[in-house]
Colleague: 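First, the structure itself, so that you have it in front of you.
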Amino acid sequence: MITQIKHEGLKSWVEEVAGMCRPDEIYLCDGTREEYDRLMAQMVDAGVAIPLKERSHSFLFRSDPSDVARVEDRTYVSTTSRDDAGPINNWMAPDELKGTMKKLYDGCMKGRTMYVIPFSMGPIGSPLAKIGIQVTDSAYATCNMHLMTRVGDKVLDALGTDGEFIPCLHSIGAPLEQGQEDSDWPCAPMEEKYISHFPEENLIWSYGSGYGGNALLGKKCLSLRLASPIAKREGWLAEHMLIVRLTNPEGRQYHIAGAFPSACGKTNLAMIQPTIPGWKAETIGDDIAWMQIRPNGRLHAINPETGFFGVAPGTSNGSNPVAVDMLKENAIFTNCALTDNGDVWWEEMDGDPPAHAIDWKGRDWTPGTDEPAAHPNARFTAPAEQCPSLSPDWEDPEGVPIDIFIFGGRRATTIPLVHEAYNWDHGVFLGASASSEITAAIIVESGLGHVRRDPFAMKPFCGYNMGDYFQHWFEMGDSMGEKAPRIFYVNWFRKGDNDRWLWPGFGDNSRVLKWMCDRVDGKVGAKETPIGLMPEDGGLDLSGLSVPKEDMEELLAVDPKMWLAELPDIEAYFEQFGKHLPDRLRVQLVGLRERLNNY
Ligand code: SAT
Ligand code: MN
């Protein structure tokens with residue numbers, strides 16, 4: 001098989017990895033549908049993939065209960081100097097980390113096949129695209145990579161005999177001794193999991209987990225943690241953002257890029273069906289945006305992925321009818337529940353819960369059981385082409401021109417429904433001080449629900465010193481000047497008494513997006529508040545919506561006391577970056593405090 005590889009550098013890397021991991025077989029992926037079907041059929045035969053009777057070509061997988069999300073405490077940015085990784089990344093010196101991991105990799109693929117997956121992030125041949133080669137002993141990860149990236153011969157052709165590629169080594173970390181029976185979801189124990197990035201040599205080493213961003217290395221590892229320092233060096237942006245196009249009733253298009261932490265509704269917003277008449281939305285991406293200033297001076301964005309790896313629970317005709325349609329066939333489901341008629345189910349799906357199901361741990365489940373039937377971070381994987389709202393321009397190698405940036409997170413209190421930055425510097429401050437309650441998309445010690453700072457929704461994904469990342473954002477604004485996108489901050493998750501959502505969200509978020517578009521065109525005014533520009537009375541289009549007046553008032557209220565109480569936390573967060581913190585952020589903080597004190 002290795003003889004099929006024409007690229008000497010690639011061939012010797014694959015040989016080196018095979019020598020260390022010692023798989024029984026090596027298999028080079030061609031990216032065809034036959035290959036995907038064959039791997040799935042093997043997994044069905046082995047009993048680890050459950051074909052779904054109700055959805056053609058769709059399969060359910062159940063992970064090990066210890067391997068259900070990204071593991072941030074086991075994720076490393078390994079640079080020679082600790083300062084380059086910055087204070088909020090886990091760090092270990094490259095030699096030490098590699099030494100530890102080499103011991104784990106030694107013989108780790110025994111009894112398994114090593115899949116070699118050539119993949120491209122971004123349309124093959126686009127000036128923004130990057131080629132990676134993932135080596136993995138997981139057929140599940142291989143099939144997911146088929147859906148999420150461009151895989152196969154066409155990538156090797158583009159690579160030629162000496163093209164540049166990013167080596168991405170992945171092992172689930174569960175060698176099989178002769179005669180040993182395999183488990184349904186083999187993986188290594190938590191203390192042996194490592195998701196490691198070596199940005200100085202553009203290298204990824206992931207060990208011990210088969211789940212999501214730990215195992216699909218094109219996604220967070222390559223497209224964000226490695227791409228972000230490259231983008232800093234080369235003067236572009238690699239961001240944790242959805243991309244959506246809105247068209248108003250007059251046919252004017254607006255492109256929006258939005259950064260929200262994992263499991264805060266990026267997929268739903270990317271597939272939004274506006275509830276305001278005449279407005280239309282098209283999906284371009286739901287998780288990652290690579291953006292470059294083009295010769296016209298504007299920032300253009302591409303989605304480097306080809307599929308959606310979305311949170312299943314909560315997905316319904318009410319929250320995301322587009323995704324419901326998209327998932328009818330050719331989808332992979334992970335950690336959802338299985339119904340008696342051979343379909344998947346998850347919490348908050350349409351209709352009544354099934355009278356009986358098998359939960360994500362493989363146990364009998366009936367409504368009223370303490371634990372949810374689907375894991376809160378259960379996922380679907382589906383190809384982008386199946387998304388009914390997909391934009392015809394989603395693969396344009398030139399990307400789409402961004403008009404609006406949105407930052408946000410989940411916050412039950414304090415943060416209003418929407419505010420607009422006074423200018424670019426203030427917008428960078430809004431991004432840098434963003435915060436959110438922790439969701440089930442990550443396993444971290446501090447646990448669910450705690451509010452944490454998540455600057456630009458990049459806390460887990462910035463592959464260099466976050467202080468320098470802030471500076472990069474200032475500099476990008478300086479380069480774009482008047483042509484820079486406008487910046488807004490939203491909070492769809494504000495709660496009132498009795499733990500009740502104040503804002504209906506989903507399709508009705510279009511009302512807030514419309515306000516942003518109208519702001520860009522100078523069609524609506526805004527009132528100045530200490531935290532930024534906000535809708536004037538009647539400024540938001542609420543026609544046909546029945547949110548009580550008091551709730552709207554609360555959604556748009558600014559409580560200086562609560563904001564002032566938040567400032568010491570923001571300040572302490574910023575100051576950990578020391579000399580890497582741009583003074584321009586300190587200036588913003590002083591300005592905000594002053595405005596709040598004078599309010
Ligand atoms: O598991 S992923 O990293 O792919 C999804 C997410 O956490 O955003
Ligand atoms: Mn994400």
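In each ligand, atom 1 is the first atom listed, and ligand 1 is the first ligand listed. The analysis underlying the following values was restricted to heavy atoms, covering all of them including side chains, and did not include hydrogens, waters or symmetry mates.
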Colleague: What atom name does the N, O or S atom of Asp287 nearest to the Mn ion (ligand 2) carry?
Modeller: OD1
Colleague: Show the atoms of ligand 1 that are less than 4.0 angstrom away from any heavy atom in Gly213.
Modeller: 1 (O), 2 (S), 3 (O), 4 (O)
Colleague: Report yes or no: is the cationic atom of Lys98 (NZ for Lys, CZ for Arg) under 6.0 Å from the centre of the six-membered ring of Phe198, at an angle within 45° of the ring normal?
Modeller: yes
Colleague: Is there a polar contact between ligand 1 and Lys219, counting only N or O atoms under 3.5 Å apart?
Modeller: no
Colleague: Hey, what's the ring geometry for Phe309 with Tyr211, parallel, tilted or perpendicular (30° and 60° as the breaks)?
Modeller: perpendicular
Colleague: Using heavy atoms and a threshold below 4.0 Å, how should the contact between Phe309 and ligand 1 be classified: side chain, backbone, both, or neither?
Modeller: side chain
Colleague: Mind checking whether Trp473 and Phe456 have parallel, tilted or perpendicular rings, split at 30° and 60°?
Modeller: tilted
Colleague: Could you please compute the angle at the Mn ion (ligand 2) from NZ of Lys220 to NE2 of His240, rounded to 10°?
Modeller: 90°
Colleague: Mind checking whether Lys266 has a heavy atom under 4.0 Å from ligand 1?
Modeller: no
Colleague: To the nearest 0.5 Å, tell me how far Asp287 CG sits from Thr267 OG1.
Modeller: 7.0 Å
Colleague: For atom 6 (C) of ligand 1, what is the closest protein heavy atom, and at what distance to 0.1 Å?
Modeller: Ser262 OG, 3.2 Å
Colleague: Is NZ or CZ of Lys220 both nearer than 6.0 Å to the six-membered ring centre of Phe461 and within 45° of the ring axis?
Modeller: yes
Colleague: What distance do Ile204 atom CD1 and Leu217 atom CG have between them, rounded to the nearest 0.5 Å?
Modeller: 5.5 Å
Colleague: I need the atoms of ligand 1 closer than 4.0 Å to a non-hydrogen atom of Arg379, numbered in the order shown.
Modeller: 5 (C), 6 (C), 7 (O)
Colleague: Just checking, is any N or O donor in the side chain of Asn330 or Arg33 under 3.5 Å from an acceptor N or O on the other one?
Modeller: yes
Colleague: When only distance counts, is Gly212 in polar contact with ligand 1, meaning an N/O pair under 3.5 Å?
Modeller: no
